[in-house]
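Working notes, beginning with the structure itself.
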Amino acid sequence: MSSKVIKPIRKLFGELTLPGDKSISHRAVMIGAIAEGDTSLKGLLDCDDCDYTIRAFRDMGIVIEKKGGLTIVKGRGLRGLKKPGGVLDAGNSGTTMRLLAGILAGHDFEATLTGGESLSNRPMRRIVEPLSLMGADIMARDSGYPPLTIKGGSLKPIDYHMPISSAQVKSAILLAGLYAKGITKVEEPFKSRDHTERMLKHFGAKLKAEGPKVSVEGPGTLKGRSLEVPGDISSASFFLVGATLLKGSKIRINKIGINPTRAGILRLLSKMGSKVKILNESDLFEPVADIEVAHAETHGVVIEEEMIPGLIDELPIIFVLASLSKGVTVIRGAKELRLKETDRIHSLEDNLKKMGSQINIKGDELIIEGRKVLQGASLKSFGDHRTCMAVTVAALCAKGESSIDDVECVNKSFPGFFTTLEGLQQ
Ligand code: S3P
């Protein structure tokens, strides 16, 4: 585990293209594997989390080949997966475990899904409950934690009202719904990212979406497709915020996914006063655009609960933005942040307070009082990629040097983070 010294910089400047979207990459491999025929993927994200998804499907007999910039997934159809020879390892990837559980629920072999230290402490009851209602037999440690042993088979459709908004839970239900005869319906309190819905439709599933309500008709036959994975807006957010905060900065990020259920950060940046330009929009199965951002003075806002699903992975960097914006930012209904790779409310509060930020937590409300400067400090990644990248940006904007421990955790979603950042520093 190595630490890194981060020195303040003057500005970020330049043009870049970022690696593929993590959520879309997982789904492309999974849906490609259960589709009929080849799926050819351009720009699939190469990171620790996606490697776990690829390995799990290889363990179930799916051939996945990398050729040049393409990844070919040789789909074997809805029921083409083979019983794995051993335990399936999801690493610390929540998306791998939860979405794969939905697919395994449709198979009549028994399989065990295990995870690393952080994933083993993340809640799984949220998927065990609906998948069990559909007829899958699932055993979980302490009735709600990994490992999960799943024996599926003959599923029935359900009409499920989710108690929380979660794309992983929704996706697990929709993927299982492909295996149930009839219409499976799912509804969230507030709509979360709809990458699964878009991709299932693109692969030929009979799926309808209306606001936070989605239904899929099973059995669903999927056909392999060719697609290009857009750049990851979550990875982009660190640079977008860095460029907004540092005087004289101007960056352009090409071909980034701007799906409205995911790109709340773009709306929020504009609302806080950042100069964001969305250029060259195109829409294949996911909307994509080039984004330009320049330095601007930003101010605090109120972030209400319904905005949280569209911002969930960007909240760590939003804490940094709020800490350096004029006035007060209030964030409501973000308790899901405590259940990520680490408790991200705690990890950000701990680091940013060391840098001089004023963060107060009152029940389910977070209040950040912006200041003009943060001080360099000895910071901790908590082994969490997004905490690490967020505090790196805070350190670049601070007065004085900082150090951050265990920086390898960025490999979970963005192995080239530090090199890309160095390429933009001036
Ligand atoms: C994801 C959904 C979100 C997000 C995670 C990826 C996905 O999790 O935080 O990084 O790919 O569906 P929840 O569904 O738990 O909100």
Side-chain angles (χ1 to χ4, degrees), residues 20-31 44-45 47-50 52-53 90-103 115 118-119 121-131 144-146 160 162-175 186 188-200 212 214 229-230 232-238 257 259 261-265 286 305-318 333-345 347-348 384-390 409-410 412-414:
D21 186 282
K22 180 155 85 72
S23 288
I24 298 175
S25 294
H26 282 296
R27 286 157 172 82
V29 171
M30 294 187 184
I31 294 174
L44 191 81
L45 174 63
C47 69
D48 288 356
D49 271 17
C50 294
Y52 281 104
T53 291
N92 283 317
S93 169
T95 307
T96 307
M97 181 164 285
R98 296 195 177 115
L99 271 61
L100 185 49
I103 293 176
S118 93
L119 186 57
N121 291 307
R122 293 179 68 187
M124 293 298 148
R125 197 191 294 263
R126 49 184 65 195
I127 53 160
V128 171
E129 195 179 283
L131 296 177
Y145 293 91
Y160 193 70
M162 291 171 41
I164 48 157
S165 297
S166 158
Q168 293 179 350
V169 176
K170 172 177 63 176
S171 302
I173 298 168
L174 292 175
L175 289 167
V186 57
E188 300 180 275
F190 304 110
K191 191 177 172 78
S192 63
R193 62 187 71 183
D194 64 0
H195 301 309
T196 303
E197 293 92 304
R198 284 173 186 260
M199 198 174 294
L200 283 176
V214 192
V229 180
D232 196 312
I233 182 81
S234 300
S235 300
S237 67
F238 301 103
N259 179 327
T261 62
R262 176 74 186 284
I265 182 71
E286 287 276 350
E305 190 178 359
E306 60 261 37
M307 294 160 74
I308 298 292
L311 291 171
I312 187 75
D313 290 339
E314 289 62 71
L315 285 166
I317 190 65
I318 291 167
K335 60 177 181 292
E336 275 291 303
L337 261 196
R338 295 207 184 271
L339 302 171
K340 298 295 173 189
E341 283 83 336
T342 188
D343 173 345
R344 287 186 178 152
I345 294 183
S347 65
L348 268 300
D384 170 39
H385 56 142
R386 298 202 205 283
T387 299
C388 184
M389 293 187 271
C409 59
V410 301
K412 190 174 198 289
S413 65
F414 193 174

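In listed order, ligands and their atoms are each counted from 1. All values derive from a computational prediction rather than experimental measurement.
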**Study point:** Residues Lys170, Ser192; criterion side-chain hydrogen bond (donor to acceptor under 3.5 Å, both in side chains); working and verdict
**Key:** CA-CA 8 Å; Lys170 172 177 63 176; Ser192 63; 3.1 Å; yes
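- If you check the side chains of His26 and Thr95, you find no donor sitting under 3.5 Å from an acceptor.
- Heavy atoms of His26 found under 4.0 angstrom from ligand 1: none, in either backbone or side chain.
- Considering CE of Met30 and CZ of Arg27, their distance stands at 8.0 Å, rounded to 0.5 Å.
- Ion pairing between Glu336 and Arg126 holds under the 4.0 Å rule for side-chain N and carboxylate O.
- Of the charged side-chain nitrogens involved, none lies within less than 4.0 Å of a carboxylate oxygen, so that Arg193 and Asp21 do not count as a salt-bridged pair.
- By the 3.5 Å distance cut-off applied to N or O atoms, Arg126 is not counted among the residues near ligand 1.
- Looking at ligand 1, you'll find an N or O of Ala167 within less than 3.5 Å of one of its N or O atoms.
- Here the protein heavy atom with the shortest distance to atom 11 (O) of ligand 1 is Ser23 OG, 2.7 Å.
- When only interatomic distances are considered, the shortest N/O to N/O separation between Ser166 and ligand 1 falls below 3.5 Å.
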Review point. Which is it for Lys22 and Asp48 under the salt bridge (Lys or Arg N to Asp or Glu O under 4.0 Å) test, yes or no, and what are the steps along the way?
Key: CA-CA 10 Å; Lys22 180 155 85 72; Asp48 288 356; over 6 Å; no
**Study point:** Verdict with supporting geometry, His385 and Ser413, side-chain hydrogen bond (donor to acceptor under 3.5 Å, both in side chains)
**Key:** CA-CA 7 Å; His385 56 142; Ser413 65; 2.8 Å; yes
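- The pair Lys340-Asp384 does not count as a salt bridge, with every side-chain nitrogen at least 4.0 angstrom from each carboxylate oxygen.
- Ranking protein heavy atoms by distance to atom 10 (O) of ligand 1, first place goes to Asp313 OD2, 2.8 Å.
- Residue, atom and distance of the protein heavy atom nearest to atom 2 (C) of ligand 1 are Gln168 CG, 3.7 Å.
- For ligand 1, the polar-atom distance check finds an N/O of Arg27 within less than 3.5 Å of one of the ligand's N/O atoms.
- Under the 4.0 angstrom criterion for non-hydrogen atoms, Lys170 is not in contact with ligand 1.
- Counting heavy atoms under 4.0 Å from ligand 1, residue His195 does not touch it at all.
- Looking from atom 15 (O) of ligand 1 to the surrounding protein, the closest heavy atom is Lys340 NZ, 3.2 Å.
- Against a heavy-atom cut-off of under 4.0 Å, Thr95 is close to the following atoms of ligand 1: 1 (C), 6 (C), 7 (C), 11 (O).
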